[in-house]
Peer 1: 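Encoded as structure tokens, here's the structure I'll be asking about.
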Amino acid sequence: MKRRAFLHAVGSTAIAWPVHAWARDAKLPLVAVLFPGTDDFFKPRLAAVRDGLKDEGMVEGRDYVLESRVANGDFSQLPRLAEELDALKPRLFVGAAQAVGTLRRLRPDAPLVFTAVAVDPIAVGLAESYARPGGTATGNVMNAVGGEESLTAKRLGFFRDLVPNVRRLGMIGVADYGVARLETSEQEALRKITAQSGIGFDSYEIHSNLDDLDAALAKALGHGVEAFYISGDPALTFRISVVMPRLLATGKPTFGPYPDWAHAGMLLTYSSDAVDGFRRAGAYAAKIIRGANPGDLPIEQASKFWLVINLKTARQLGIKVPPDLLTLADEVIE
């Protein structure tokens, strides 16, 4: 049962176009898209990039061509894939999550539209300010005013409406990834709020290959953890099919950022609309093709947020969902 229709066709399939021929013969501007995750995640997001270009009046094959590369969760492949795209001499890049840093290191002078970014772009050197980024990069971030801490606090608030008597919370994060540590802001927010609420809190960091996930979960259960928060780190998100069954096997309620987790069995998720971010990135790509300077295009912050409750999981855990929370939910999975 969905409380509000999705704005995107999540199952849509990307259209295959003869991009190399167009780029060579028609000399059309090339939009190069680099994505670190899996094909299943990428298909609706690539379709959204095309939708954003279309929203701005751009027709593929007439006004631009598009080429993409997908790392399928193997982040070590990103530099090679970025070089492949760069060899095609694109007019601009569209990069998501870890791909953003890879593209900036390879081509700091090239126009870049970023999306699926959950860290402060100012803090990591992508831009000078939200209103006027300066330089060659702009795009959109998954946070609203208040940043990741504000979103994490909101998630915990919704979760406590579902599980009001939780006494100890454990966070699962990734220890060996990254330039920008999403886990840091999530952990700081949870530690602060749980302390204020009298809830015990521990963080359990694992390696990105997940070989120590079972050990981390066992350790957490040994510490008396009664519920789990799962970081939005892409190393976890792109391997939901591996992570979620192990979480469910603990018999503990779980919550985290993205709807994909709730679809796989997580009790509750709350985040910005990630697919919409790719659509907005496509719209910015169109503006740049038409001559806009990326440094003059303000970085957009999220304005749409999606609360998903898995009612099936709630029943399995013996949790009764308050009617008021069901009314607030944008999607309820039965």
Side-chain angles (χ1 to χ4, degrees), residues 118 148-175 182-206 210 212-233 235-237 239-271 305-326 328-329 331-333:
E148 185 61 31
E149 180 177 329
S150 175
L151 275 180
T152 304
K154 191 78 170 178
R155 288 180 199 120
L156 181 57
F158 285 133
F159 183 73
R160 292 192 70 198
D161 288 340
L162 275 175
V163 191
N165 297 319
V166 63
R167 293 166 298 180
R168 180 164 291 276
L169 177 68
M171 171 180 158
I172 302 295
V174 177
L182 171 62
E183 284 91 340
T184 299
S185 54
E186 291 174 307
Q187 185 180 127
E188 289 176 352
L190 289 170
R191 196 175 297 281
K192 177 180 178 181
I193 301 162
T194 53
Q196 294 171 347
S197 305
I199 300 171
F201 175 76
D202 287 298
S203 179
Y204 302 87
E205 293 193 330
I206 61 176
L210 309 186
D212 50 353
L213 175 58
D214 289 332
L217 293 173
K219 183 179 180 181
L221 294 174
H223 291 167
V225 164
E226 298 175 340
F228 287 101
Y229 174 90
I230 310 304
S231 169
D233 191 300
L236 294 171
T237 302
R239 298 188 69 186
I240 286 176
S241 62
V242 175
V243 177
M244 201 63 228
R246 299 181 188 182
L247 291 172
L248 291 172
T250 68
K252 303 298 182 183
T254 57
F255 69 111
Y258 309 127
D260 311 85
W261 285 102
H263 297 157
M266 186 170 280
L267 178 61
L268 178 147
T269 63
Y270 180 75
S271 73
F305 295 89
W306 206 257
L307 173 64
V308 185
I309 296 171
N310 191 311
L311 197 57
K312 179 180 178 181
T313 298
R315 292 193 189 105
Q316 291 172 344
L317 294 171
I319 294 171
K320 185 175 181 180
V321 182
D324 289 349
L325 193 58
L326 283 174
L328 286 175
E331 182 180 3
V332 177
I333 300 168

Peer 1: For a quick test of reading the model, state the closest non-hydrogen atom pair linking L247 to T254 and the distance between them.
Peer 2: CB-CG2, 4.2 Å
Peer 1: What's the separation between atom CD1 in I333 and atom NE2 in H263, rounded to the nearest 0.5 Å?
Peer 2: 4.0 Å
Peer 1: When rounded to the nearest 0.5 angstrom, what distance separates CG in L268 from CZ in F158?
Peer 2: 7.5 Å
Peer 1: Which pair of heavy atoms, one from P245 and one from I240, lies closest together, and at what distance?
Peer 2: CD-O, 3.8 Å
Peer 1: To the closest 0.5 Å, what do you measure between CZ (R160) and CZ (F255)?
Peer 2: 10.0 Å
Peer 1: Of the non-hydrogen atoms in L169 and I199, which two are nearest, and what is the gap between them?
Peer 2: N-CG2, 4.1 Å
Peer 1: Rounded to the nearest 0.5 Å, what's the gap from CG on D161 to CG on L156? Could you check?
Peer 2: 10.0 Å
Peer 1: Nearest 0.5 Å, please: how far is CD in Q316 from CG in N310?
Peer 2: 7.5 Å
Peer 1: Please give me the minimum heavy-atom distance between P322 and L162, naming the atom from each residue.
Peer 2: CD-CD2, 4.0 Å
Peer 1: Is the backbone of D233 close enough, under 3.5 Å, to the side chain of S231 for a donor and an acceptor to pair up by distance?
Peer 2: yes
Peer 1: Tell me whether E331 contacts the main-chain N or O of W306 through its side chain, where contact means a donor paired with an acceptor under 3.5 Å.
Peer 2: no
Peer 1: Roughly how far, to the nearest 0.5 Å, is CG of L190 from CZ of R155?
Peer 2: 9.0 Å
